[in-house]
Chemist: 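Pasting in a structure now, in structure tokens, and then I'll have a few things to ask.
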Amino acid sequence: MERGIIAMAGWLSLYIWSVLVMNGEVDGDQLVDITFLKSAIPKGAVCLDGSPPAYSYSEGYGNGSNSWIVYLQSGGWCSSKIECYNRSTTPRGSTYPFIGNQTNFSGLLDTNSTFNPDFYNWHKVYIYYCDGSSFMSDIKHVDPRTNVTYRGARIFKVVMEELISKEMGNAQNAMLVGTSAGAMTTTLHCDKFRNLFSKTSRVKCISDSGFIIHGKGHLGDHYREKYYANVIRTHGLRKSLPKSCTSKMNPNLCLFPEYYVGDIKTPLFLLESAFDAFQIEYNTLPVVGGRLGWSNCLGNLRHCNSTQLGIMRDFRNTLIGALLKLKQSLSRGMFVHSCYLHGHILIIQEWTCSSLQGNNVLANKTIAQAISDWYFDRSSFRQIDIENDLPRNCSSSITPDLFVHKCLATLSNHPTCNYS
Ligand SMILES: *[C@@H]1O[C@H](CO)[C@@H](O)[C@H](O)[C@H]1NC(C)=O
Ligand SMILES: *[C@@H]1O[C@H](CO)[C@@H](O)[C@H](O)[C@H]1NC(C)=O
Ligand SMILES: *[C@@H]1O[C@H](CO)[C@@H](O)[C@H](O)[C@H]1NC(C)=O
Ligand SMILES: *[C@@H]1O[C@H](CO)[C@@H](O)[C@H](O)[C@H]1NC(C)=O
Ligand SMILES: *[C@@H]1O[C@H](CO)[C@@H](O)[C@H](O)[C@H]1NC(C)=O
Ligand SMILES: *[C@@H]1O[C@H](CO)[C@@H](O)[C@H](O)[C@H]1NC(C)=O
Ligand SMILES: *[C@@H]1O[C@H](CO)[C@@H](O)[C@H](O)[C@H]1NC(C)=O
Ligand SMILES: *[C@@H]1O[C@H](CO)[C@@H](O)[C@H](O)[C@H]1NC(C)=O
Ligand SMILES: *[C@@H]1O[C@H](CO)[C@@H](O)[C@H](O)[C@H]1NC(C)=O
């Protein structure tokens with residue numbers, strides 16, 4: 001019962017987070033129609049409840065007409081048949097009738113050149129997440145007890161085929177990017193995505209808050225082991241996990257990026273908070289009584305006591321340790337900051353103008369600048385904030401409208417930010 005509540009609370013919080021992500025779009029309504037891919041149904045490429053995959057697409061133009069961004073939505077996982085059944089009645093397990101008709105494009109997907117100078121005119125795709133397994137499952141039989149269908153891998157395949165039919169395969173530039181569970185989708189499918197393009201295309205992947213750690217020997221490791229092993233069992237993922245990992249160790253550990261990211265061949269950027277709010281609250285605190293006893297601290301970081309700060313600092317050291325242990329790669333980028341956050345890339349406050357939100361810059365670059373420079377090979381970027389070993393509150397109390405005005409002023413004061 002309690003596990004169920006925790007799981008559901010975890011899901012809810014991710015949902016709230018993504019609602020916040022949606023509302024981050026304040027610099028104008030950039031609503032893009034949703035396409036329901038009904039032709040996927042006969043192929044069995046469906047959401048948990050049997051509804052069709054869904055995505056929003058806006059066409060590229062100008063010098064963006066040969067460049068593609070494919071974005072994968074966040075939303076956690078389900079780790080038991082009953083949890084997946086529950087999810088199948090929500091917008092993270094079904095596209096009908098929950099998700100509405102349109103998607104707000106913002107942050108990296110912003111279509112306004114002022115706020116998104118490098119990517120505003122690219123082809124952009126936002127893929128809805130509705131299978132609870134980071135698009136990895138492919139179980140032939142429908143669960144006869146619940147009618148739940150486990151077919152995420154087929155959804156990924158069918159949507160990619162659809163995009164190829166829109167000429168994505170000819171792209172000169174492409175990136176696969178996702179947040180949280182969508183970031184795990186990104187790292188798990190990154191090399192497969194790369195193979196959709198010719199050798200000469202520039203193809204890169206970005207994981208936004210998706211470096212979910214095992215952290216063996218650290219607080220909560222057994223809880224995390226059990227949770228992700230249950231995700232693997234529920235969705236029948238054993239055979240589809242990265243071989244580079246399953247050939248070396250217990251396959252039940254092979255959803256943890258620290259055990260497979262080092263073997264990804266495609267250039268990858270890891271954007272993380274060393275104090276990732278989701279991982280602390282939902283993958284660590286369950287073993288010390290859950291978030292409830294922590295509401296003072298999580299509501300206002302200044303109220304955290306020394307025990308709580310110790311737990312958070314240990315989490316940070318574990319996450320940074322796991323990042324530093326990865327097999328080295330010159331093409332890998334990294335922006336690891338200390339703001340207490342989860343998810344960045346669709347939020348103007350955490351992307352274009354992260355400098356105005358708790359001054360979240362590293363080496364003098366905003367998140368948008370660091371990632372754009374890395375993507376276009378203008379410069380490499382591997383920065384971890386080693387100065388702050390306590391979580392920072394980077395949220396400001398100014399209204400979103402005022403924030404956009406300040407952001408606009410910053411962009412026009414520093415024309416170099418526009419890379420024109
Ligand atoms: C599933 O939903 C039911 C009804 O809302 C709830 O009682 C149960 O705890 C949920 N189970 C899980 C595992 O989330
Ligand atoms: C998109 O964002 C705008 C501005 O924040 C908001 O008014 C609108 O309701 C949002 N639309 C959707 C479909 O979420
Ligand atoms: C979506 O569009 C349909 C028909 O175009 C309309 O009937 C329905 O109200 C719309 N739903 C939402 C959530 O906007
Ligand atoms: C981009 O945003 C700025 C500031 O809000 C606005 O003045 C401009 O008209 C927008 N451009 C487009 C193409 O929408
Ligand atoms: C398109 O041109 C703009 C402005 O010169 C530049 O910032 C951007 O990087 C270019 N995009 C591509 C894909 O070359
Ligand atoms: C499963 O689907 C069948 C056929 O549509 C239906 O009769 C049955 O009631 C469904 N079972 C559940 C648990 O929803
Ligand atoms: C961060 O600061 C803002 C503004 O002062 C406040 O509203 C918010 O509750 C704080 N959040 C945390 C987690 O401390
Ligand atoms: C800090 O707060 C937690 C949760 O309320 C409590 O369990 C712990 O004993 C406190 N530690 C100190 C040193 O006060
Ligand atoms: C950061 O950028 C500002 C303004 O462009 C510049 O004045 C400053 O010297 C830079 N600092 C570092 C450490 O590069």
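For ligands, and for the atoms within them, numbers begin at 1 and follow the listed sequence. Residue numbers run from 1 in the order of the sequence given.
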Chemist: Is the shortest distance from a Lys or Arg side-chain nitrogen in Glu161 or Lys157 to a carboxylate oxygen in the other one below 4.0 Å?
Modeler: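 Salt bridge present between Glu161 and Lys157.
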
Chemist: Just let me know how Asn393 lines up against ligand 7, side chain, backbone, both or neither, with a heavy-atom cut-off below 4.0 Å.
Modeler: side chain

Chemist: Please list the nearest protein heavy atom to atom 14 (O) of ligand 7 with its residue and the distance rounded to 0.1 Å.
Modeler: Leu301 N, 2.9 Å

Chemist: Exactly one of Asn393, Asn296, Leu309 should register a side chain to side chain contact (heavy atoms under 4.5 Å, CB included) with Leu301. Which one does?
Modeler: Asn393

Chemist: Looking at Asn300, which atoms of ligand 7 are within less than 4.0 Å of one of its heavy atoms?
Modeler: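 With Asn300 as reference, the close atoms of ligand 7 come out as 12 (C), 14 (O).
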
Chemist: Out of all atoms in ligand 5, which are within 4.0 Å of some heavy atom of Asp118? Include the element for each.
Modeler: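 With Asp118 as reference, the close atoms of ligand 5 come out as 7 (O), 8 (C), 9 (O).
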
Chemist: Quick test: of every protein heavy atom, which one is nearest to atom 9 (O) of ligand 7, and how far off is it to 0.1 Å?
Modeler: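 Minimum-distance protein heavy atom for atom 9 (O) of ligand 7 reads Gly299 O, 3.1 Å.
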
Chemist: Of the side chain and backbone of Asn173, name the one, both, or neither that has a heavy atom under 4.0 Å from an atom of ligand 5.
Modeler: side chain

Chemist: Establish, yes or no, whether the cationic atom of Lys124 lies under 6.0 Å from the six-membered ring centre of Trp68 and within 45° of the ring axis.
Modeler: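 The answer is no; the distance or angle limit is not met.
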
Chemist: Can you tell me how the ring of Tyr128 sits relative to the ring of Tyr126, calling it parallel under 30°, perpendicular over 60° and tilted otherwise?
Modeler: tilted

Chemist: For the ring pair Phe269 and Trp374, is the centre-to-centre distance below 6.0 Å?
Modeler: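 Yes; Trp374 has its ring centre under 6.0 Å from that of Phe269.
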
Chemist: What atoms in ligand 5 come closer than 4.0 Å to a heavy atom of Asn63?
Modeler: 1 (C), 2 (O), 3 (C), 8 (C), 10 (C), 11 (N), 12 (C), 13 (C), 14 (O)

Chemist: Which atoms of ligand 7 have any heavy atom of Leu298 under 4.0 Å away?
Modeler: 13 (C)

Chemist: With no hydrogens and no angle check, do the side chains of Trp77 and Ser134 hold a donor and an acceptor under 3.5 Å apart?
Modeler: yes

Chemist: Under 4.0 Å from atom 11 (N) of ligand 7, is there any protein heavy atom?
Modeler: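 So atom 11 (N) of ligand 7 has protein heavy-atom neighbours under 4.0 Å.
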
Chemist: Based purely on interatomic distance, does Asn86 place a nitrogen or oxygen under 3.5 Å from a nitrogen or oxygen of ligand 1?
Modeler: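 There is such a contact, yes.
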
Chemist: Hey, would you say the Tyr375 and Trp122 ring centroids sit under 6.0 Å apart?
Modeler: yes

